[in-house]
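Below, chains carry the letters A, B, ... as their sequence lines are ordered, and counting in each starts from 1. The model shown is predicted, which means the values in this text are computed figures rather than measured ones.
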Amino acid sequence: AKLAEVRKSPLSTMEPLTSYKDITHYNNFYEFGTDKSDPAQQAHLLRTRPWTVAVEGLVRRPRVYDIDELLKLAPLEERIYRLRCVEAWSMVVPWVGYPLSALIRQVEPLGSAKFVEFTTVLRPSEMPGQRLPILAWPYVEGLRLDEAMHPLTLLCLGLYGEVLPNQNGAPVRIVVPWKYGFKSGKSIVKIRFTEFQPRTSWNLAAPHEYGFYANVNPTVDHPRWSQAKERRIGEGLFARKRDTLMFNGYADQVAHLYADMDLRKHF
Amino acid sequence: MTVLTRLAQLPAVHAERLKRILFVLCLLPLARWIWLGFNDGLGANPVEFIIRSTGFWALAFLAITLAVTPLRRWLQWPWLLRLRRMLGLYAFFYACLHFAAYLVLDQFFDLAAIVEDVLKRPYITVGFTSFVLLVPLAITSTDGMIRRLGGRRWRRLHRLVYAIGVGGVIHFWWLVKADITQPFLYAIALGVLLGERVVHHLRIRVLPSPGTSGSARAAIPLPRD
């Protein structure tokens, strides 16, 4: 279904878009299976209505939002972002949503809130991958509060001007374009504000391979493969890889968040 | 049972015909990639698809080759041995395609990056080593080379295939992010195939039965095709 009144955004990249077919048929969404073609085949099992998102923890106004409220909470924008997967491939995706900060401001985080934790829905009956012990279900991701408040961080409800397809994290997901894709939690049911760094799924599964920050960084390799280059999806069998950019090309906007940090240590 | 008995004594002509059919069948994965390539069927990440798929078939043919000797023993179909060299060379063929896909499609001859990969990334170190070890086995697969080396030395050299099999499975295992189902299945298959050899070896050591001409030599036969 088409989303009404989607504004363009100056924060969008001008790069050519990855096709709708590739964006919706090449997915890492282990809740629906570990093969990249599994989510497109299995995601229809997930019922995305009714849907609520509980916003809780260290906030002055904890609330449960209905998905229809979230769709109207702020003006919808199209944000064309690069997406860089930790597996060294990338896409250019026209997301639809609005800054997560709009929601965060409504619930008024307390001074003690330092982190935000995003929890994916836990429904093994609708998500066959959750019946296998691949990751610690439900999937949990997290950001530092200043990262979550950054204007680039998106509460995402759509793709290509339409309602978000299930395999891309319907009905509501997070998009953090300067971090590896796994940091952007999908099919979110809970947003919790905490004082301490959340225990996130991939970080728990392999802490030496998937750091909490997971900023795109061509100079810090994954222990098992290089992060210096990436393959742009849709460019075909004979295309060359391209150089990966620091913070996925968003360094001007986000580098200051990590000014005093050793990014080799906080990878 | 009669079918089994008849298959056990398959005449050489039929075995030869079977081998030719198998030769063509073994090319099906390659034919499939070409067909998919011309019909927009390689998916969103065709390079990854080709690398994964060639690797899959290289490992599969390695396992199939390693299955010849145990099957020959269990079924008592001596002619199975005539297929072993061809199957082994197909393992090498698909391993070559796998390496070529990495070299050309993935790295595009970026030698510096490849050297770094081989030295720094254990799964590539193991995979590359296994591939390199396959080369002498392919070279010495001809009748002339077997004669020149002599049976004993040839057999000793070709035991490298066990290490290559283990290396191939480790290569696959270390590459996977979280779901180890597929490499695990390969590991099981390889474990069975190598375990059978250990058991067989111990049995002919411990219980040399007078009925068979039971020398260790008979356990690891030379190809005669």
Checklist entry - Side chain, backbone, both or neither: which part of A:Asn28 has an atom under 4.5 Å from a heavy atom of chain B? => result side chain

Item to check | Structural part of A:Arg224 lying under 4.5 Å from a heavy atom of chain B | outcome: both

Checklist entry - B:Val104 versus chain A, heavy atoms under 4.5 Å apart: side chain, backbone, both or neither? => result neither

Next on the checklist: Tell me whether the count of non-hydrogen atoms from other residues, nucleotides or ligands lying under 6.0 Å of CD in B:Gln76 goes above 12.
Outcome noted: no

Item to check | Contacting moiety of B:Leu105, where chain A heavy atoms sit under 4.5 Å | outcome: both

Checklist entry - Any idea which heavy atoms bring B:Val47 and A:Gly236 closest together, and the distance? => result CG2-O, 4.2 Å

Item to check | Side chain / backbone / both / neither for B:Leu175 at chain A, heavy atoms under 4.5 Å | outcome: backbone

Checklist outcome for this item: On a heavy-atom basis, the closest approach of B:Asn45 and A:Arg231 is OD1-CD, 3.4 Å

Checklist outcome for this item: So, the part of A:Glu87 with a heavy atom under 4.5 Å from chain B: the answer is side chain

Checklist entry - How many angstroms lie between CG in B:Asp179 and CG in A:Asp38, if you round to the nearest 0.5 Å? => result 9.0 Å

Item to check | Part of A:Lys229 within contact of chain B (heavy atom distance under 4.5 Å) | outcome: side chain

Item to check | Contacting region of A:Trp225 [heavy-atom separation from chain B under 4.5 Å] | outcome: both

Next on the checklist: Run the side-chain contact (heavy atoms from CB on, under 4.5 Å) test on B:Glu48 and A:Lys36 for me, step by step, so that the C-alpha distance in whole Å, both residues' side-chain angles and the decisive distance to 0.1 Å come before the verdict.
Outcome noted: CA-CA 11 Å; B:Glu48 178 190 59; A:Lys36 288 189 181 57; 3.8 Å; yes

Next on the checklist: Please classify the contact of B:Asp110 with chain A as side chain, backbone, both or neither, using a heavy-atom distance under 4.5 Å.
Outcome noted: side chain

Item to check | B:Arg121 and A:Asp221 ion-paired at < 4.0 Å | outcome: yes

Next on the checklist: Run B:Lys177 and A:Val86 through side-chain contact (heavy atoms from CB on, under 4.5 Å) and show every step you take.
Outcome noted: CA-CA 10 Å; B:Lys177 241 166 86 194; A:Val86 73; 4.1 Å; yes

Checklist outcome for this item: Looking only at heavy atoms, the pair that brings B:Ala44 and A:Ile233 closest together is O-CG2, 3.5 Å

